[in-house]
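First up is the structure itself, then whatever we jot down about it.
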Amino acid sequence: MKSAVIAKLKQSPIPFILLYDIDDITSSEDILTSITSQGFQLVNYDDSIAFRYFFEKNFREKPDCNVKLVLKVTGYHSYIPYDIESSFYNITLSLKELFPGLSYSILKELDSELYDRLYRVYKYTGRSLSQRETLDFILKNLFGIYTETINKFTDLIKALIDFYYENDSLPQVVSDYLTDLLMCKEDFKEYPVKKLLEGADSFFDYLQGQWEIFVKGLTSTLPIKSAVDFSHKDIKIYLGGLFDEGYLTPVRSDNIDNLPSWVHRGILIDELGQLKANYNNLLGRLYDTLDNITSYKDWLQAAKDWAEILLIYNDERIQGRLDEKAFISISDMLNSRFRTWLFDNYNLLPSLSYARAPVMVHHIPWYINYRMGKDATQKAALIVVDGMALDDWLIISRYLNRNSSCRFEEKLCFAWIPTITSISRQAIFSGQIPRYFGKTIFSTSEDERHWKKFWAERGIRPDAIYYMRGIKHFNENGLRDIVENPKAKILGFVVNMIDDMVHGQQMLRAGLHQNLRLWMEKEGFKKFLQTLLERNFDVYITSDHGHVSSVGQGNLREGLAVDRAADRVRIYEQGKNYETALKRYKAYKWAGYGLPEEYNYIISDGCYSYGKDNEKNLTHGGISIEEVVVPFIHIRKEE
């Protein structure tokens with residue numbers, strides 16, 4: 001399909017192309033990368049004023065004959081001013097044209113990243129498939145799921161283990177179809193089929209619970225039986241890999257001598273030994289990932305594994321028993337390769353589809369609005385935890401899993417670089433790339449206005465939109481009034497506790513982790529989430545940026561430093577000399593993708609910061625994976 005799209009664009013006799021991408025086909029990573037590699041620059045059309053400014057600045061004033069501009073418009077009803085439309089070569093791209101024999105209503109529900117795969121396996125025969133036939137075709141040819149072979153619950157578990165090893169979820173329309181198909185069979189009516197098909201997290205949570213029941217049944221005199229028969233040969237064969245790769249966690253048991261030997265792999269015998277084994281397994285998996293990066297999604301997996309490694313590495317119980325050299329080596333490799341990848345690919349991320357999940361933090365309000373329409377929900381609350389890194393979220397989520405009935409849909413996305421609050425958090429609440437709020441780039445005072453403006457433009461009444469920042473203990477004045485207001489539909493909150501911990505942390509990451517656990521034990525956050533869920537809010541949690549352990553390489557007093565905790569970046573106005581920062585310090589100039597062009601952004605290299613020589617701190621502002629990849633969580637009440 002990539003070649004078909006490129007061929008269409010190459011039809012243009014002029015370098016300015018207006019692409020009516022009716023179904024948002026070009027928002028997939030593969031296709032967008034191919035378009036860029038052919039010398040096209042794709043720009044999403046948001047509004048005429050913003051585009052005119054961009055066009056004049058980048059094409060009228062300094063034309064580049066080697067770059068062809070593709071102005072992308074999605075949907076059927078976008079209004080394009082006549083002078084723009086008439087001066088561009090017009091091209092239309094649609095799913096109906098690319099897949100003439102498949103059900104359009106089904107194709108519209110798929111993520112754009114599936115279209116290229118579908119194009120490779122689809123051959124038009126002149127016959128049009130019905131919705132049901134299209135769904136069957138997709139299940140078999142895209143996901144390798146053959147419903148005629150799933151006749152018993154064990155068959156389903158086996159098929160889903162295979163599927164979730166390679167994928168994180170089925171498209172909703174496909175999942176709903178498979179659920180209905182299976183629930184028509186008598187053998188599946190007693191099982192939570194819908195829960196198993198909600199995604200990898202939901203499936204493996206269920207499998208974890210069933211493993212605990214299975215082990216208890218082997219050691220109990222009571223008739224306890226799990227729904228999943230782990231002793232079945234088709235399931236047993238997977239167990240070693242499921243525990244080694246962290247999909248399942250070993251459980252405690254007092255009577256291990258009476259258990260079959262094949263069960264021992266899933267029993268927690270030596271907790272510290274298990275932590276060390278997990279650490280080594282995660283290191284091995286991370287090395288494999290780094291050697292096989294093909295997509296931004298590979299970096300999200302790398303970030304998740306690295307966060308798990310950081311948790312174990314900073315666990316006081318096991319310090320001194322882990323391979324220190326391996327930790328330093330993988331850390332250097334991770335961030336060196338991540339930096340190289342960012343310089344080559346970061347500029348593509350803003351244009352990717354947010355239909356399945358936000359790819360970048362400025363996609364978040366758009367995604368929430370999309371989900372509200374798709375799920376027919378009326379109320380949403382966004383909680384931005386300032387400075388929360390992914391390893392911080394793992395501590396929070398594990399506490400909530402143990403002590404609440406929340407269901408998590410966990411995703412990751414990219415913060416804006418440089419990773420400072422005034423840039424990345426402003427992007428979250430505005431839904432815009434930073435280029436468009438250059439006048440307030442060093443301030444967070446506009447977040448509330450941005451948030452209310454975004455939702456008012458989506459048709460939400462002004463008296464139903466609320467915003468509050470400075471939250472630490474969830475007993476702040478006015479917070480309860482907002483949550484309990486019957487008119488409230490859209491809530492935006494900023495929680496500052498972790499950022500405050502980072503600013504004042506003397507014991508670095510291990511100390512932060514301990515303080516975070518103590519904060520969670522006060523249960524303010526948990527009770528706040530429960531209150532929101534009880535009042536029927538869909539709850540979303542994210543972060544504006546993470547943080548990294550850094551070493552000072554000397555104070556740099558020139559340039560604009562936003563705050564001490566953002567000591568990994570200095571920002572210079574255009575025309576100001578920044579050569580000192582490059583010559584005297586380990587630093588480099590960031591490419592500035594999507595940022596106001598009035599400034600240059602000089603970032604500390606490696607794990608260094610612009611601080612007192614050799615002083616260790618938790619800082620942000622740079623482009624390490626700990627700073628850039630942040631959690632995005634959707635929480636719903638357990639049914």
Side-chain angles (χ1 to χ4, degrees), residues 15-16 32 35-36 39-72 84 339 342-352 359-363 414-447 450 544-545 556 558-562 566 568-582 587-604 620-623 627-628:
F16 302 142
L32 191 56
I35 290 173
T36 304
F40 297 97
Q41 181 177 350
L42 190 145
V43 175
N44 291 323
Y45 183 84
D46 295 315
D47 67 70
S48 60
I49 295 174
F51 172 72
R52 288 181 197 281
Y53 173 80
F54 169 81
F55 184 72
E56 294 296 327
K57 193 88 173 170
N58 293 277
F59 288 89
R60 293 270 196 227
E61 294 178 8
K62 44 182 179 181
D64 185 346
C65 60
N66 295 316
V67 176
K68 307 175 198 76
L69 175 64
V70 180
L71 179 59
K72 172 182 167 182
I84 295 178
R339 169 186 161 178
L342 286 172
F343 268 92
D344 291 338
N345 298 279
Y346 187 80
N347 62 317
L348 301 180
L349 299 180
S351 297
L352 296 180
V359 179
M360 296 194 70
V361 293
H362 74 284
H363 292 154
F414 290 80
W416 271 96
I417 297 172
T419 49
I420 59 178
T421 301
S422 62
I423 290 179
S424 204
R425 195 169 85 196
Q426 200 169 172
I428 293 174
F429 284 113
S430 68
Q432 293 181 322
I433 64 175
R435 178 188 295 127
Y436 297 133
F437 49 77
K439 293 181 180 179
T440 61
I441 199 75
F442 301 114
S443 171
T444 59
S445 62
E446 295 296 307
D447 289 354
H450 285 317
D544 46 3
H545 56 76
L556 177 60
E558 62 186 39
L560 302 167
V562 179
R568 280 170 52 75
V569 64
R570 287 293 183 273
I571 300 173
Y572 293 77
E573 294 173 322
Q574 286 287 1
K576 298 284 186 179
N577 190 338
Y578 54 82
E579 292 301 318
T580 300
L582 295 179
Y588 53 88
K589 180 184 175 185
W590 171 239
Y593 302 128
L595 297 171
E597 297 177 354
E598 298 93 323
Y599 304 100
N600 292 304
Y601 308 86
I602 311 302
I603 293 177
S604 268
H620 58 91
I623 67 171
E627 297 165 282
V628 173

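Since the structure is predicted, the reported quantities are computational estimates derived from the model, not experimental observations.
- Partners of Tyr346 by ring pair (Phe, Tyr, Trp, His ring centres under 6.0 Å), not counting sequence neighbours, listed by chain and number: Trp416, Trp590.
- The two residues Glu597 and Gln574 make their nearest non-hydrogen contact at O-NE2, 2.9 Å.
- To the nearest 0.5 angstrom, Leu348 atom CG is 5.0 Å from Leu32 atom CG.
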Practice task
Kindly determine whether Ile423 and Leu595 satisfy side-chain contact (heavy atoms from CB on, under 4.5 Å), including the steps that lead there.
Solution key: CA-CA 9 Å; Ile423 290 179; Leu595 297 171; 4.2 Å; yes
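- Aromatic pair Phe429/Phe437: centroids not less than 6.0 angstrom apart.
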Practice task
Run the numbers on Asp447 and Gln426 for side-chain contact (heavy atoms from CB on, under 4.5 Å), then give the verdict.
Solution key: CA-CA 6 Å; Asp447 289 354; Gln426 200 169 172; 3.7 Å; yes
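- In this structure, Tyr588 OH and Ile623 CD1 are separated by 3.0 Å, a value rounded to the nearest 0.5 Å.
- Here Lys439 contributes atom NZ and Glu446 contributes atom CD; the two are 11.5 Å apart, rounded to the nearest 0.5 Å.
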Practice task
Check the pair Ile602, Leu582 against side-chain contact (heavy atoms from CB on, under 4.5 Å), reporting the backbone distance first and the verdict last.
Solution key: CA-CA 8 Å; Ile602 311 302; Leu582 295 179; 3.9 Å; yes
Handout entry: Ile571 vs Ile441, side-chain contact (heavy atoms from CB on, under 4.5 Å): CA-CA, chis, key distance, verdict
Key = CA-CA 11 Å; Ile571 300 173; Ile441 199 75; over 6 Å; no
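- For the atom pair OG (Ser351) and CE (Met360), the distance works out to 10.0 Å, reported to the nearest 0.5 Å.
- Of all non-hydrogen atoms in Ile428 and Asp544, the two that sit nearest each other are CD1-CA, 3.8 Å.
- A pairwise comparison of heavy atoms in Ser424 and Ala415 identifies OG-CB, 3.5 Å as the closest pair.
- A side chain to side chain contact (heavy atoms under 4.5 Å, CB included) with Phe414 is found for exactly one of Leu352, Val628, Val361, namely Val628.
- Judged purely by atom type and a 3.5 angstrom limit, Thr419 uses its side chain to pair as donor or acceptor with the backbone of Gly622.
- Annotation for Ala581 and Ala587: closest pair O-CB, 3.5 Å, computed over non-hydrogen atoms.
- A search for side-chain contact (heavy atoms from CB on, under 4.5 Å) contacts involving Thr580 returns Glu558, Arg584, not counting sequence neighbours.
- Checking each of Glu573, Lys576, Arg570, Lys589 against Asn600 for a side-chain hydrogen bond (donor to acceptor under 3.5 Å, both in side chains) leaves exactly one that passes, namely Lys589.
- The closest donor-acceptor contact from the side chain of His620 to the backbone of Arg568 lies at 3.5 Å or more, if one exists at all.
- Of the inter-residue distances, the one linking Ile420 atom CD1 with Glu627 atom CD reads 11.5 Å to the nearest 0.5 angstrom.
- Taking each heavy atom of Asn347 and Asp344 in turn, the nearest pair found is OD1-O, 3.7 Å.
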